[in-house]
Colleague: 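Quick one: this structure, given as structure tokens, is what I'll be asking you about.
Each chain gets a letter, A, B and so on, in the order the sequences are listed, and its residues count up from 1.
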Protein chains: 2
Amino acid sequence: MNATTHPTIADVAQRAGVSTATVSRVINKSGNVTADTIARVQAAIAALDYAPHSGARILASRRARTIGLITPTISDLFFTDLLRGIEQTVYEHEYTLLIHATHGRPYDDIIPMLPLNHHNTDGLIIFTNSVDDARLQKLHARHFPLVLLHRSPPAGTAMPCVTFENKDGAFQMTAHLIACGHRRIAFVSGPAGNEDAGWREQGYREALAVHGLAVDPALIVPGDFNAVVAATAVTHLLHTQPNIDAIFAADDESARGALAAIRQSGRRVPQDIALAGFDDSLLSQYLHPPLTTVRAPIEAAGRAAAAQLIQLIHTGHADPLTLLPTELVIRESCGWVLVNSEQ
Amino acid sequence: MNATTHPTIADVAQRAGVSTATVSRVINKSGNVTADTIARVQAAIAALDYAPHSGARILASRRARTIGLITPTISDLFFTDLLRGIEQTVYEHEYTLLIHATHGRPYDDIIPMLPLNHHNTDGLIIFTNSVDDARLQKLHARHFPLVLLHRSPPAGTAMPCVTFENKDGAFQMTAHLIACGHRRIAFVSGPAGNEDAGWREQGYREALAVHGLAVDPALIVPGDFNAVVAATAVTHLLHTQPNIDAIFAADDESARGALAAIRQSGRRVPQDIALAGFDDSLLSQYLHPPLTTVRAPIEAAGRAAAAQLIQLIHTGHADPLTLLPTELVIRESCGWVLVNSEQ
DNA sequence: CTGTTAGCGCGTTCAG
DNA sequence: CTGAACGCGCTAACAG
């Protein structure tokens with residue numbers, strides 16, 4: 001080694017007057033080493049400011065001590081909560097987390113040649129549809145530990161997955177809107193193919209049915225989990241269906257867009273029209289009026305996914321399905337403030 | 001290899017009827033290989049669904065093709081913009097990005113033993129004070145490529161850094177507030193030790209001085225880039241200094257807290273009191289009223305940092321300082337809508 | 001309790 | 001244009 005390079009385990013061994021095996025033992029706290037030897041080795045490590053080469057460690061030990069997260073995007077209010085849950089759990093178990101955002105590019109184009117493939121990782125958390133079914137199958141066929149987050153396994157394949165009660169949350173919210181006296185309730189849907197979005201719409205439909213209300217297709221407009229898309233759709237909706245009295249948006253982002261569109265049309269929330277969202281994202285409480293929404297346990301979902309994966313890595317088993325409960329958060333956008341509260 | 005393991009370069013070589021060296025050549029597009037041989041090798045790779053082991057690659061080639069980002073936190077509106085800029089640039093140059101959030105834990109506790117150390121990375125972007133001066137010096141002494149983002153190098157050390165014109169932006173905003181007729185302008189400061197925050201306060205002070213206004217220490221309250229902290233401080237400020245006519249918050253988060261505090265006190269924005277923020281974060285335009293703020297070119301800063309680092313890795317040289325311009329965004333929270341615009 | 005040694009999977013000379 | 005052989009830095013038997 002010289003000034004421009006990094007010290008290796010051999011440098012440490014030499015300086016401590018021991019073999020590389022001993023240095024490896026103290027680093028990994030494996031095997032039996034005298035307290036005295038440990039001290040000498042640690043002193044040498046500190047003096048040299050040595051850090052093990054993780055590539056070499058992974059190669060030699062066939063363990064990466066790392067779990068990977070594949071996600072479509074990272075620029076999302078949703079994502080920060082999710083990540084907090086995952087990180088926390090991962091670190092508690094002394095693993096490291098590697099994150100890769102696909103941004104819509106197929107997994108196969110990016111991962112295979114690069115640092116976040118299955119060689120650097122003891123298992124993967126797959127968020128929504130960042131990886132396609134075929135790739136999932138291949139990974140699974142090799143017994144590579146996988147946990148799905150907000151996404152179902154390919155047909156016929158058993159992979160543990162974690163999600164929350166989208167349908168029930170949407171059902172409850174729709175029921176709440178009905179209890180508030182609303183009848184013409186529109187729904188701003190999410191992206192096609194997104195499972196969360198699908199279940200939320202399903203919950204809306206079922207609640208309507210249970211309460212004897214017909215589902216009017218003209219009242220379901222596309223929002224794509226996106227404020228701008230939702231605003232456009234709601235503006236149009238307000239024109240063609242002027243007599244609606246409530247809007248339930250599939251997520252808080254589209255609720256935000258709906259709010260802007262409603263205000264633009266000269267109507268007031270909640271006096272003229274009620275509005276509800278889904279997620280209870282950071283934004284929702286700062287909207288004006290504060291948004292009534294469904295709280296999604298996003299951070300808990302992250303924790304559960306990480307915990308399931310680590311368990312899978314260690315024991316070979318995990319729960320096939322983890323379903324986390326959602327909860328109504330009644331604020332002001334529906335015009336019913338705490339009517340049901342603690343009496 | 002067997003069913004539960006992954007194929008290696010030797011499996012590919014055998015199947016294609018060539019040596020491992022040849023496989024390596026086609027993977028890395030190095031050396032001269034017949035079109036026919038290339039095709040055979042690629043077919044074998046596809047058939048086996050082979051992916052190179054990146055640990056082994058890094059070990060053998062002594063290049064990670066990866067740059068690392070060390071950041072204090074990832075749960076931040078600010079961060080998503082920054083990341084977008086970094087990712088984009090990194091991928092354009094065919095590098096991969098590894099992200100590590102320290103969450104306040106010292107770098108030395110986490111990185112050295114784990115997958116994101118200097119062995120897996122050809123260079124590092126250091127965001128604010130996620131890494132201390134001593135560690136920076138050590139890395140630098142080993143000629144390890146480093147770019148600092150929103151942070152100055154340790155005294156006496158030359159490291160390229162990227163930031164934007166915090167002081168100038170704050171100066172302009174303060175001048176704008178003065179031009180609006182305000183005189184008793186309070187400042188909600190940022191975290192101690194945060195350089196961005198320091199420069200912003202400095203800009204505020206200088207603008208006051210240039211316009212012949214005294215800096216009243218009682219008008220400077222702590223906000224910590226945090227809405228709750230800022231709200232508490234501003235509530236107190238409103239009591240002790242009831243005659244202030246404007247508040248300039250060091251970032252949009254603390255502006256949001258200030259807004260809540262002002263409203264709570266029964267005053268109106270902008271009629272009773274003007275409010276300005278800094279960053280132009282996503283939130284600011286959805287506040288009520290929409291927040292006048294300073295637009296920080298966060299994504300551009302991310303792009304610049306990545307570009308400088310890659311240049312540094314390739315050429316050994318980078319610009320000592322990249323200073324990106326900021327820009328006033330006049331919305332409604334100061335009560336002066338576009339007075340200066342295009343006349 | 002400690003040292004020796006043989007790979008882990010790959011890139012890279014160097015021959016041919 | 002292609003193959004053989006070595007070594008990257010480390011862990012994991014196996015000896016002693």
Colleague: Atom CD1 of B/Ile9 to atom C1' of C/dC8: distance rounded to whole Å?
Modeller: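 Distance, rounded to whole Å: 14 Å.
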Colleague: To the nearest 10°, let me know how far the axis at one end of the helix from C/dC1-D/dG16 to C/dG16-D/dC1 is tilted from the axis at the other, five pairs an end.
Modeller: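 Helix axis angle between the two ends: 30°.
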Colleague: If each of A/Ala60 and B/Thr37 is mapped to the nucleotide of DNA chain D with the nearest heavy atom, which maps nearer the 5' terminus, i.e. the 5' end?
Modeller: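 So the residue in question is B/Thr37.
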Colleague: Would A/Ser152 and A/Glu195 count as a side chain to side chain donor-acceptor pair (under 3.5 Å) if you check the C-alpha gap in whole Å, the side-chain angles of each, and the deciding distance to 0.1 Å?
Modeller: CA-CA 8 Å; A/Ser152 305; A/Glu195 294 191 12; 2.7 Å; yes
Colleague: At what distance, to the nearest 0.5 angstrom, does CD1 of A/Ile86 lie from CD1 of A/Ile99?
Modeller: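 These two atoms lie 8.0 Å from each other.
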Colleague: Measure from CZ on B/Arg40 to C1' on D/dT2 and round the result to the nearest Å.
Modeller: 11 Å
Colleague: CG of A/Asp36 versus P of C/dC1: gap in Å, rounded?
Modeller: 12 Å
Colleague: Just how far, in rounded Å, is P of D/dG9 from NE2 of A/His6?
Modeller: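 That distance rounds to 11 Å.
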Colleague: Compare the minimum distances between each of D/dT2, C/dC8, D/dT11 and the side chain of A/Arg62, then state the nucleotide with the smallest one.
Modeller: C/dC8
Colleague: In whole angstrom, give the distance that lies between atom CG of B/Asn28 and atom C1' of C/dG11.
Modeller: 7 Å
Colleague: Tell me, with the steps shown, if B/Arg151 and B/Asp133 meet salt bridge (Lys or Arg N to Asp or Glu O under 4.0 Å).
Modeller: CA-CA 11 Å; B/Arg151 179 228 232 272; B/Asp133 278 1; 2.9 Å; yes
Colleague: B/Arg40 and B/Asp36: salt bridge (Lys or Arg N to Asp or Glu O under 4.0 Å), yes or no, with the steps?
Modeller: CA-CA 6 Å; B/Arg40 283 216 319 288; B/Asp36 176 60; 3.2 Å; yes
Colleague: Please tell me which of the listed nucleotides, D/dC1, C/dC8, C/dT2, lies nearest to the side chain of B/Asn32?
Modeller: D/dC1
Colleague: Tell me which residues in residues 16-26 of chain A lie within less than 4.0 Å of DNA chain C, going by non-hydrogen atoms.
Modeller: A/Gly17, A/Val18, A/Ser19, A/Ala21, A/Thr22, A/Arg25
Colleague: Select one nucleotide: of C/dG9, C/dG11, D/dT2, the one nearest the side-chain heavy atoms of B/Arg57.
Modeller: C/dG11
Colleague: Taking A/Phe127's backbone N and O only, do any of them form a donor-acceptor pair with A/Thr71's side chain (distance below 3.5 Å, no angle check)?
Modeller: no
Colleague: Just to be sure I understand the rule, does B/Ser30 reach a base, reach only the sugar-phosphate, or reach nothing, if contact means heavy atoms closer than 4.0 Å?
Modeller: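 No contact.
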Colleague: Return the orientation label for the A/His314 and A/Tyr95 ring planes: parallel under 30°, perpendicular over 60°, tilted otherwise.
Modeller: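 Ring orientation, 0 to 90° scale: tilted.
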Colleague: So B/Tyr50 and B/Asp11, do their side chains get closer than 4.5 Å, heavy atoms only?
Modeller: no
Colleague: Rounded to whole angstrom units, what separation is found between the NE2 atom of B/His53 and the P atom of C/dG7?
Modeller: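 It works out to 18 Å between those atoms.
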Colleague: Tell me whether the count of non-hydrogen atoms from other residues, nucleotides or ligands lying under 6.0 Å of CD in B/Gln311 goes above 12.
Modeller: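 Count over threshold, so yes.
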Colleague: Applying salt bridge (Lys or Arg N to Asp or Glu O under 4.0 Å), can you list everything that pairs with B/Arg303, at least two apart in sequence or on another chain?
Modeller: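 Salt bridge (Lys or Arg N to Asp or Glu O under 4.0 Å) check on B/Arg303 returns B/Glu299.
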Colleague: Atom CD1 of A/Ile58 and atom P of D/dG9: how far apart are they, to the nearest Å?
Modeller: 16 Å
Colleague: Separation of B/Ile27 atom CD1 from C/dG9 atom C1', in whole Å?
Modeller: 11 Å
Colleague: Of the nucleotides D/dT11, C/dG11, D/dC1, which one has an atom closest to the side chain of B/Thr34?
Modeller: D/dC1
